[in-house]
Amino acid sequence: QVQLVESGGGLVQAGGSLRLSCAASGRTFSSRGWFRQAPGKDREAVAAIAWSGSTYYADSVKGRFTISRNNAQNTVYLQMNSLKPEDTAVYYCAAGAPWSGVTMATAYNYWGQGTQVTVSS
């Protein structure tokens with residue numbers, strides 16, 4: 001069985017930082033991703049990372065967010081700095097997409113439970 005368990009969400013003031021973690025169990029994955037979904041909006045890709053360390057970032061978070069992974073621990077992280085109110089969303093980790101599909105939610109087989117990130121002004 002595969003499980004993705006997220007942690008690290010919470011309430012933070014604008015300009016602050018949070019680090020999200022997502023621990024996978026059951027198997028390893030070539031590519032891991034982070035998505036977010038705000039009320040009334042589609043789920044959007046935030047960042048993704050390959051086993052090799054190659055990364056993808058959405059333009060909206062580039063320079064502020066950093067994705068990393070610890071392959072030995074089967075855990076992926078999303079370090080979020082300089083947070084803005086528009087970053088407020090439920091953040092989901094995902095796994096199981098080929099690298100060519102890491103920006104597409106439909107390409108992923110497994111999802112975490114979601115963790116709320118709220119950025120106050």
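All values below come from the heavy atoms of this structure, side chains included, with hydrogens, waters and symmetry mates left out.
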Show the nearest heavy-atom pair for residues [X] and [Y], with the distance to one decimal.
X    : Y    : value
A89  : A38  : CB-N, 3.9 Å
G112 : Y92  : O-CD2, 3.7 Å
G114 : V90  : CA-CG1, 3.8 Å
G101 : A107 : O-CB, 3.3 Å
N109 : G96  : OD1-O, 3.1 Å
Q113 : L4   : OE1-O, 3.5 Å

- Query: Does N74 reach the side chain of R32, with side-chain heavy atoms less than 4.5 Å apart?
  - Reply: yes
Can you tell me how far [atom2] of [Y] sits from [atom1] of [X], rounded to the nearest 0.5 angstrom?
X   : Y   : atom1 : atom2 : answer
W99 : Y56 : CH2   : OH    : 10.0 Å
T66 : Y77 : OG1   : OH    : 14.0 Å
C22 : R69 : SG    : CZ    : 10.5 Å

- Residue list, side chain to side chain contact (heavy atoms under 4.5 Å, CB included) with S30, at least two apart or on another chain: none
Going by the rule side-chain hydrogen bond (donor to acceptor under 3.5 Å, both in side chains), which residues pair with [X] if we only count those two or more places apart in sequence or in a different chain?
X    : value
N81  : S17, Q79
Q116 : T118
S7   : none

Selection [range] - residue pairs positive for salt bridge (charged side-chain N to carboxylate O under 4.0 Å, His left out), sequence neighbours left out:
range           : value
residues 49-62  : D59-K62
residues 90-104 : none
residues 37-46  : R36-E44

- For Y110, which residues count as a ring-ring contact (aromatic ring centres under 6.0 Å, His included) partner, sequence neighbours excluded? F29
- Nonpolar side-chain network containing W51, other nodes, edges under 4.5 Å: none
- Other hydrophobic cluster members with I49, side-chain heavy atoms of Ile/Leu/Val/Met/Phe/Trp/Tyr under 4.5 Å, chained? V12, L18, L20, W34, V46, Y57, V61, F65, I67, V76, L78, M80, L83, Y91, V117, V119
- Return the set of residues passing salt bridge (charged side-chain N to carboxylate O under 4.0 Å, His left out) with R64 (not counting sequence neighbours), or none when no residue passes. D87
- Partners passing salt bridge (charged side-chain N to carboxylate O under 4.0 Å, His left out) against K84 (at least two apart in sequence or in another chain): none
- Message: For E86, I'd like to know if atom CD has over 12 heavy atoms of other residues, nucleotides or ligands within 6.0 Å.
- Response: yes
